[in-house]
Amino acid sequence: MKLTLTTFLTLDGVMQAPGAPDEDRTGGFAHGGWLMPYADDDMGALVVDWFAKADAFLLGRRTYDIFAAHWPYVGGEDPIAAALNTLPKHVVSSAPGAPAWHNAERVTLDDVASLKARPGRELQVHGSGQLARTLMARGLIDEYRLLVFPVVLGTGRRFFEEPDQLAALRLTGTKTARSGMVAHTYEPDGAPRYGSAALTG
C-alpha cells in the first residue's frame with residue numbers, strides 16, 4: 001500500500017488542534033479550532049475524495065484518541081465516519097492493551113514496513129504529528145497532502161520542526177478552496193539540493 005500523509009497547517013506551519021478549542025491544549029496552546037472558519041464545501045469534497053482511497057489507517061495515539069472520541073458517534077451516512085469506523089486502524093503506541101475502537105490494533109514503528117507491503121491502495125496517516133515526523137525522517141511517506149490555511153498563529157506544534165526532517169519534495173498537484181485554503185500534494189524527491197547566488201569571477 002502507498003503510505004500517504006494528510007495534515008492541516010497554518011501559514012507558519014502549526015498543526016496543533018485544528019478542530020476544536022479543547023482538542024489539544026498541550027503547552028498552553030490557546031488557538032484550538034483555528035481551521036473551522038475556513039472549512040467549506042471545497043475542502044470537504046477534497047478530503048472525502050482522499051478518504052475514499054483508504055484501505056487502512058495508521059494513527060498516532062493522540063490522534064487516535066481524538067478520532068475515537070468523535071467519529072464512532074457520527075452517522076454512518078458520513079463517508080469519513082464510514083471509512084474510519086469500518087476500516088483497519090493501526091495505532092502506533094507504547095501504551096499497554098489493545099485500542100477499544102472497532103477494527104483497531106496497536107502496532108510499533110517496526111511494523112510499518114510490513115503494513116505497507118500488504119496489498120491494497122492507501123495506508124493513510126491523518127494528523128498524528130509526532131508519528132508523521134518520524135515516518136518522514138525514516139523515508140516511509142510516499143505522498144504528502146498538506147492543506148495550508150490563511151492564518152498565522154505564532155505558537156503551537158509545527159510539522160516541520162525536527163532537525164532530521166531533511167528532504168526535497170516534488171509538487172504533484174495543487175487545489176484551492178474558496179475559503180483560501182490551498183492543498184499541496186507532494187512526493188519525495190531525494191535529499192535537499194543547494195546552490196549559491198554569489199557572484200563569481
Side-chain angles (χ1 to χ4, degrees), residues 1-9 15 18-19 43-147 159-160 162 164-173 175 183-191:
M1 286 189 282
K2 180 167 77 170
L3 196 156
T4 65
L5 166 69
T6 300
T7 194
F8 305 134
L9 302 172
M15 65 181 304
M43 186 194 90
L46 181 62
V47 173
V48 166
D49 179 65
W50 282 335
F51 267 89
K53 299 176 182 179
D55 278 334
F57 298 100
L58 181 67
L59 302 172
R61 185 68 199 212
R62 186 189 301 273
T63 297
Y64 167 82
D65 288 341
I66 293 169
F67 281 11
H70 175 76
W71 289 108
Y73 308 100
V74 176
E77 68 280 359
D78 183 288
I80 296 176
L84 285 168
N85 288 327
T86 58
L87 293 174
K89 292 165 285 290
H90 309 288
V91 185
V92 180
S93 172
S94 58
W101 196 359
H102 170 71
N103 217 4
E105 66 168 352
R106 184 169 62 88
V107 299
T108 69
L109 283 168
D110 292 335
D111 297 319
V112 174
S114 62
L115 291 174
K116 287 184 62 175
R118 293 180 181 179
R121 295 172 300 167
E122 293 185 2
L123 174 63
Q124 294 189 354
V125 179
H126 292 269
S128 306
Q130 182 177 343
L131 170 63
R133 286 187 288 271
T134 301
L135 295 172
M136 180 180 179
R138 295 188 179 195
L140 292 170
I141 299 175
D142 299 308
E143 182 171 283
Y144 296 80
R145 296 163 178 170
L146 308 181
L147 285 73
F159 177 50
F160 299 107
E162 300 294 338
D164 54 356
Q165 282 182 275
L166 300 179
L169 302 177
R170 179 175 60 256
L171 182 69
T172 59
K175 292 187 177 180
H184 304 282
T185 306
Y186 297 94
E187 293 178 351
D189 193 26

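All values below were derived from every heavy atom in this structure, side-chain atoms included, with hydrogens, water molecules and symmetry-related copies excluded. Keep in mind that this is a model prediction, so the values were computed, not measured. FYI, the numbering just counts along the sequence from 1.
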Is there a donor-acceptor pair under 3.5 Å between the side chain of [X] and the backbone N or O of [Y]?
X	Y	result
N85	W71	yes
K175	G173	no
R170	D189	no
R145	Y186	no

Show the nearest heavy-atom pair for residues [X] and [Y], with the distance to one decimal.
X	Y	result
I141	P188	O-CG, 3.2 Å
M136	A167	CE-CB, 3.8 Å
L140	L3	O-CB, 3.6 Å
A132	L5	CB-CD1, 3.7 Å
R61	S93	CD-OG, 3.5 Å

task = Would you kindly say whether D111 and T108 are connected by a side-chain donor-acceptor distance under 3.5 Å?
result =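 There is such a pair (donor and acceptor under 3.5 Å, judged by atom type) between the side chains of D111 and T108.
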Supply the atom-to-atom distance [X] [atom1] to [Y] [atom2], rounded to the nearest 0.5 angstrom.
X	Y	atom1	atom2	result
Q165	L135	CD	CG	10.5 Å
R133	E162	CZ	CD	5.5 Å
I66	H126	CD1	NE2	14.0 Å
H102	L87	NE2	CG	9.0 Å
M1	R121	CE	CZ	10.5 Å
T172	E187	OG1	CD	5.0 Å

message = With a 6.0 Å cut-off on the ring centroids, do Y144 and H184 count as close?
response =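 When the ring centroids of Y144 and H184 are compared, they turn out to be at least 6.0 Å apart.
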ask   = Do F51 and F57 have ring centres separated by under 6.0 Å?
value =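 Aromatic pair counts; centres sit under 6.0 Å.
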side-chain hydrogen bond (donor to acceptor under 3.5 Å, both in side chains) against Q130, all qualifying residues, sequence neighbours excluded =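 Partners of Q130 by the side-chain hydrogen bond (donor to acceptor under 3.5 Å, both in side chains) criterion come out as none, since no residue qualifies.
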How about [X] and [Y]: do any of their side-chain heavy atoms sit closer than 4.5 Å?
X	Y	result
K89	P99	no
L9	L147	no
D65	R62	no
L131	L58	yes
T4	W50	no
V92	Y64	no
R138	L109	yes
P72	W101	yes

task = Determine, for D142 against K2, whether the closest basic-nitrogen to carboxylate-oxygen distance falls under 4.0 angstrom.
result =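 Not counted as a salt bridge, because no side-chain N and carboxylate O are separated by less than 4.0 Å.
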query = Do E143 and K53 meet the salt-bridge criterion of a basic N to acidic O distance under 4.0 Å?
reply =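 Between E143 and K53 there is no salt bridge, as every charged N stays at least 4.0 Å from the carboxylate O atoms.
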ask   = Can you name the side-chain contact (heavy atoms from CB on, under 4.5 Å) partners of T63, sequence neighbours left out?
value =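 Only L59, F67, S128 meet the side-chain contact (heavy atoms from CB on, under 4.5 Å) criterion with T63.
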